[in-house]
Amino acid sequence: MAHPARFTYHSWTQPFGRPVSTPYTFAHSAYCAALAETYGHLAAGEESGVNVAVAGRVMLLRSQGRLAFATMRDSTGEIQLFALESMTRDFENFTKLHLGDWVGVHGEVVRTKRGELSVKVARFELLAEARRNFGDKWAGIADYDLRYRHREADLWANDVTRVSLARRSALVRALRERCWAAGFMEVETPILNAIPTGAAARPFVTYHQALGSEFYLRIAPELWLKRLVVGGFERVFELGRVFRNEGVSPRHNPEFTMLELYAAYWNYEDMMAFTEELVTGAVVDVLGTTRVTYQGREIDFTTPWARRPMAELASEAVGEAVSVHTSRERLAQLLTERDVEVHPSWGAGRCLAELFEATCESDLWNPTFVTQYPVEVSPLARRHPQDHELTERFESFLAGRELSNGFSELTDPQDQRERFEDQARLAAAGDDEAMRIDEDYIKALEWGLPPTAGLGVGVDRLAMVIADASNLREVIAFPTLKPIREDQ
RNA sequence: GCGCCGGUAGCUCAAUUGGCAGAGCAUUUGACUCUUAAUCAACAGGUUCCGGGUUCAAGUCCCGGCCGGCGCACCA
């Protein structure tokens with residue numbers, strides 16, 4: 001769609017005059033869904049004797065001489081409007097309403113002879129006119145470009161959009177309420193960061209005029225949240241946007257919503273238990289079941305979720321025992337055999353993680369915890385007591401995609417400094433996603449971080465599953481799109 | 001960033017091997033006292049995404065660009 005949609009001006013000149021003068025308020029008294037419930041008992045042709053004031057958009061209009069029917073929708077549902085020349089003030093203009101116009105209607109709740117619950121219009125007001133139409137009244141709007149750039153129209157034109165975004169909202173609410181219920185305090189941490197940290201990702205860069213400094217949009221709130229734990233807030237969470245300057249795909253948006261939470265005195269086992277309870281609980285809150293059909297295939301959220309060490313899964317996939325202690329050469333060879341390019345800077349740990357991703361990740365359909373991540377790919381996680389090349393870390397996978405990431409937090413400032421230095425060496429070697437040394441964070445650890453476990457959940461990914469969406473953009477109200485160049 | 005596919009009326013979509021750009025809905029006008037995507041009749045509506053090229057002739061073929069979808073890469 002290179003051209004913006006052209007205006008379709010309706011000529012209101014005859015019925016309403018121009019400019020149309022619309023009211024500043026409407027004394028609304030009832031919603032469609034409530035009317036359907038309250039007056040469901042009315043028989044065909046029966047009148048309730050009750051007057052209501054409803055408002056919404058005209059979705060359909062059937063004008064038939066000296067009577068007319070309209071279908072009006074509000075945020076809760078639809079109801080029919082029934083107008084009669086003999087009963088309706090300004091009937092002539094009612095028949096000239098346009099699809100998409102906002103109207104406020106006063107009238108009696110009745111059921112028509114043909115059995116449709118209706119508001120018999122005594123009088124109505126045009127609250128706002130629709131100067132553009134909302135697409136084909138049967139087919140809606142199909143053009144992705146128009147749907148994503150103008151979600152306000154898509155929401156009226158396509159039921160699936162309304163349902164998907166409503167489910168996302170319900171999910172966010174459920175996650176938040178479950179965190180509150182578990183004693184987590186909701187906090188907010190900076191989005192403008194002097195150092196991008198807490199994850200491995202290329203950041204967005206911006207600039208503050210008065211401070212004369214560059215800032216990075218956060219790629220994760222992780223380190224700030226742990227500093228709050230150092231400060232004595234033992235359970236904190238943040239539900240907010242993070243920004244990663246990476247490719248866009250059906251499963252990646254440059255800005256996305258992350259839930260991160262930290263609990264003092266927990267380890268990663270405790271956090272896995274909480275993750276199950278949180279995610280499965282939220283799914284049940286929204287959908288009322290633990291068995292969800294996603295893209296035609298069932299996902300079973302029933303707890304406990306499977307728990308599998310990364311090395312075990314990778315070994316099964318390649319048909320031989322591999323681990324973080326397998327020689328780098330052998331792991332690299334296995335990767336090369338699978339057409340994965342091995343970078344010189346990768347050690348055995350990174351190779352094992354890559355091997356797992358290449359062979360196992362996309363097959364993990366039901367929610368599954370993968371545990372025991374190599375230290376090399378986990379610069380903020382605490383070492384596993386039985387094997388110091390591994391960490392007490394897990395990621396959960398769902399429908400073949402990463403859903404969450406959690407671990408026992410590294411609390412030793414000296415170890416943390418060395419991990420950062422390893423990352424800095426990767427950055428120097430050209431890895432623009434490696435972490436940078438965050439001296440303030442090391443200083444925070446020197447004040448003492450108690451044993452703590454942390455979790456990050458990709459909210460958009462979970463919303464996709466709950467909305468049965470194959471594309472992330474279906475659960476983001478306004479996904480990031482390339483701006484249309486004006487010179488075209 | 002690379003590859004494949006797509007962009008035609010406000011919306012949804014047609015258009016044969018290159019041969020007069022169409023339909024439904026919406027809009028406008030008219031008919032109609034129980035409709036349900038109401039129905040019926042009529043009018044109007046086009047830079048076929050943009051810019052070049054080939055050709056007697058381009059929506060269609062070629063080149064470049066814009067935007068989108070999907071795949072790959074990237075995303076621990």
Side-chain angles (χ1 to χ4, degrees), chain A residues 1-11 13-14 44-45 59-71 78 80-87 91 95-96 98-100 110-116 118 120 130-149 153 157-158 199-202 219 244-254 256 310 339-341 346 349-354 356-357 361 370 373-374 376-381 393 395 401-402 405 423 426 431-435 458 470-471 473 479 481-488:
Chain A
M1 192 206 71
H3 285 304
R6 294 179 181 80
F7 268 107
T8 306
Y9 283 103
H10 305 315
S11 45
T13 330
Q14 292 303 315
M59 303 306 292
L60 298 168
L61 184 63
R62 301 173 288 279
S63 174
Q64 195 181 316
R66 287 194 285 281
L67 77 169
F69 302 91
T71 302
E78 295 184 343
Q80 178 167 272
L81 306 177
F82 174 35
L84 281 162
E85 187 181 45
S86 57
M87 302 282 297
F91 174 81
T95 67
K96 290 178 176 166
H98 292 146
L99 303 192
V110 302
R111 193 177 290 281
T112 59
K113 289 177 193 168
R114 293 292 176 88
E116 188 75 20
S118 306
K120 189 160 78 179
R131 297 189 184 190
R132 293 178 189 268
N133 73 29
F134 284 88
D136 189 278
K137 68 185 180 186
W138 189 243
I141 298 173
D143 181 39
Y144 290 108
D145 208 42
L146 182 55
R147 291 184 54 223
Y148 297 156
R149 289 185 199 278
N158 295 311
R202 185 181 307 140
I219 56 176
R244 298 188 182 178
N245 203 341
E246 288 158 356
V248 178
S249 86
R251 291 161 295 281
H252 299 267
N253 197 60
F256 60 99
M310 176 188 280
D339 297 322
V340 178
E341 194 184 340
W346 294 1
R350 177 71 183 266
C351 287
L352 179 68
E354 295 284 342
F356 159 74
E357 274 172 42
E361 180 170 336
V370 177
Y373 276 62
E376 185 181 347
V377 296
S378 312
L380 301 167
R393 176 180 173 193
E395 288 192 347
R401 301 191 280 264
E402 182 188 340
N405 178 21
Q423 290 289 311
L426 290 176
D431 184 345
D432 52 12
E433 285 161 4
M435 286 187 203
S470 62
N471 186 324
R473 291 182 272 269
L481 294 179
K482 196 161 177 170
I484 296 175
R485 288 170 50 160
E486 290 300 322
D487 58 344
Q488 283 299 315

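Lettering follows sequence order; numbering is per chain, from 1.
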Of the listed nucleotides B:C13, B:A76, B:G68, the one nearest the side chain of A:Ala142: B:C13
Given 3.5 Å as the limit, does a donor-acceptor pair link the side chain of A:Glu78 with the main chain of A:Thr71, or not? no
When all nucleic acid strands are considered with a 4.0 Å heavy-atom cut-off, which category describes A:Phe82: base, sugar-phosphate, or nothing? base
Does the A:Gln423 side chain pair with the main chain of A:Met435, one donor and one acceptor, at a distance under 3.5 Å? yes
Roughly how many Å is it from CD in A:Glu116 to P in B:A38, rounded to a whole number? 12 Å
Give a yes or no on whether a donor-acceptor pair under 3.5 Å exists between the nucleobase atoms of B:G68, that is its base, and the side chain of A:Asp145. no
Within the 4.0 Å heavy-atom criterion, would you say A:Arg111 contacts the bases, only the backbone, or no part of the nucleic acid? nothing
Roughly how many Å apart are B:C43 and B:G30, using the P atom of each and rounding to a whole number? 15 Å
If you look at every strand shown and take non-hydrogen atoms under 4.0 Å, does A:Gly45 touch a base, only sugar-phosphate, or nothing? nothing
Using a heavy-atom cut-off of under 4.0 Å over every strand shown, decide if A:Lys113 touches base, sugar-phosphate, or nothing. base
Kindly indicate whether the side chain of A:Asn471, heavy atoms from C-beta on, has any atom under 4.5 Å from the side chain of A:Tyr144. no
Closest nucleotide among B:C74, B:A38, B:A26 to the A:Glu246 side chain: B:C74
Looking at B:U36, B:C25, B:A76, which one has an atom nearest to any side-chain atom of A:Asp136? B:C25
When you measure from the side-chain N and O atoms of A:Lys482 to the phosphate of B:C67, is any distance below 4.0 Å, counting only OP1 and OP2? yes
Heavy-atom check, side chain of A:Leu426 versus side chain of A:Glu433, under 4.5 Å: no
Say you pick atom P in B:C5 and the same atom in B:U39; how far apart are they, in whole Å? 39 Å
By nearest atom, which of the nucleotides B:A76, B:U33, B:A37 is closest to the A:Gln64 side chain? B:U33
Give me the distance, rounded to whole Å, that separates B:A73 from B:G3 when you measure between the P atoms they each carry. 15 Å
A:Asn158 side chain to A:Ile141 main-chain N or O, any donor-acceptor pair under 3.5 Å? yes
Which pair of heavy atoms, one from A:Ile219 and one from A:Ala201, lies closest together, and at what distance? CD1-O, 4.0 Å
B:U48 to B:U60 separation - C1' atoms, rounded to the nearest Å: 10 Å
Under 4.0 Å between any heavy atoms, over every strand shown, what does A:Pro254 touch: base, sugar-phosphate, or nothing? Just pick one. nothing
Just how far is it from atom CD of A:Gln80 to atom CG of A:Leu60, taken to the nearest 0.5 Å? 9.5 Å
Checking contacts here: which listed nucleotide (B:U36, B:A38, B:G69) is nearest the side-chain heavy atoms of A:Leu60? B:A38
Between CZ of A:Phe69 and P of B:A37 the distance, given in whole Å, is 13 Å
Between C1' on B:C74 and CD1 on A:Ile219, what's the gap in Å once rounded to a whole number? 15 Å
Sugar-phosphate only, base, or nothing, as touched by A:Gly135 at under 4.0 Å among non-hydrogen atoms: sugar-phosphate
Side-chain N,O (A:Arg473) to OP1/OP2 (B:G69) below 4.0 Å: yes
Which pair of non-hydrogen atoms, one from A:Met310 and one from A:Ala353, has the smallest distance, and what is that distance? SD-CA, 3.8 Å
Check whether any side-chain nitrogen or oxygen of A:Lys137 sits under 4.0 Å from OP1 or OP2 of B:G10, and answer yes or no. no
Under a 3.5 Å cut-off for both distances, is B:C11 Watson-Crick or wobble paired, and to whom? B:G24
Would you measure the distance from the C1' atom in B:G59 across to the matching atom in B:G19 and give it in whole Å? 13 Å
Between protein and nucleic acid, restricted to nucleotides 21-23 of chain B and to nitrogen or oxygen atoms under 3.5 Å apart, what atom pairs and distances do you find?
none

Which nucleotide, if any, forms a Watson-Crick or G-U wobble pair with B:G46, using both distances under 3.5 Å? none
Indicate, with a heavy-atom threshold strictly under 4.0 Å, whether A:Ser63 touches base, sugar-phosphate, or nothing. base
What distance, rounded to whole Å, do you find between the two C1' atoms, one in B:G46 and one in B:G22? 11 Å
Any donor-acceptor pair under 3.5 Å from A:Ser249 side chain to A:Arg251 backbone: yes
Taking any heavy-atom pair under 4.0 Å as a contact, classify A:Met435: base, sugar-phosphate, or nothing. base
Between A:Arg147 (side chain only) and A:Ala157 (backbone N and O only), is there a donor and an acceptor less than 3.5 Å apart? no
Heavy atoms, side chains only, cut-off 4.5 Å: are A:Met87 and A:Phe82 in contact? no
How far does the P atom of B:C67 sit from the matching atom of B:A14, given to the nearest Å? 25 Å
For B:G71, what is the paired nucleotide under Watson-Crick or G-U wobble rules, both distances under 3.5 Å? B:C2
How would you label the contact of A:Glu433 with the nucleic acid (heavy atoms, under 4.0 Å): base, sugar-phosphate, or nothing? sugar-phosphate
Select from A:Asn471 and A:Val377 the residue whose nearest nucleotide in RNA chain B is closer to the 5' end of that strand. A:Asn471
Roughly how many Å is it from CZ in A:Arg147 to P in B:G10, rounded to a whole number? 20 Å
Indicate, with a heavy-atom threshold strictly under 4.0 Å, whether A:Leu481 touches base, sugar-phosphate, or nothing. sugar-phosphate
Sub-3.5 Å donor-acceptor pair from the side chain of A:Ser118 to the main-chain atoms of A:Glu116, do we have one? yes
Counting the atoms with a prime plus P, OP1 and OP2 as sugar-phosphate, which does A:Asn405 contact under 4.0 Å by heavy atoms, base, sugar-phosphate, or nothing? nothing
For the pair made of CZ in A:Arg251 and P in B:A73, what is the distance, rounded to whole Å? 11 Å
Which nucleotide in B:A73, B:C34, B:A76 has an atom nearest any side-chain atom of A:Leu67: B:C34
Side-chain contact check for A:Asn133: nearest option of B:U36, B:U12, B:A26 is B:A26
Taking atom P in both B:A15 and B:C49, compute the distance separating them and give it to the nearest angstrom. 15 Å
Starting at atom CD of A:Glu341, determine the distance to atom C1' of B:C72, rounded to an integer number of angstrom. 14 Å
Provide, to the nearest angstrom, the distance between the CZ atom belonging to A:Arg401 and the P atom belonging to B:A76. 15 Å
Scan every strand shown for a Watson-Crick or G-U wobble partner of B:G51, both distances under 3.5 Å, and answer none if you come up empty. B:C63
Starting at the 5' end of RNA chain B, which residue's closest nucleotide do you reach first, A:Ser378 or A:Glu85? A:Glu85
Selected nucleotide, minimal atom distance to A:Tyr144 side chain, candidates B:A76, B:C25, B:G69: B:G69
Counting only Watson-Crick pairs (N1-N3 plus N6-O4 or O6-N4) and G-U wobbles (N1-O2, O6-N3), all under 3.5 Å, who is the partner of B:C56? B:G19
Pairing partner (Watson-Crick or G-U wobble, both distances under 3.5 angstrom) of B:A31: B:U39
Confirm from the modelled atom types if A:Asp143 and B:G7 form a donor-acceptor pair under 3.5 Å, side chain to base only. no
Nearest-Å distance, CZ (A:Arg149) to P (B:G69)? 9 Å
To the side chain of A:Pro250, which of B:A26, B:G71, B:C11 is closest? B:G71
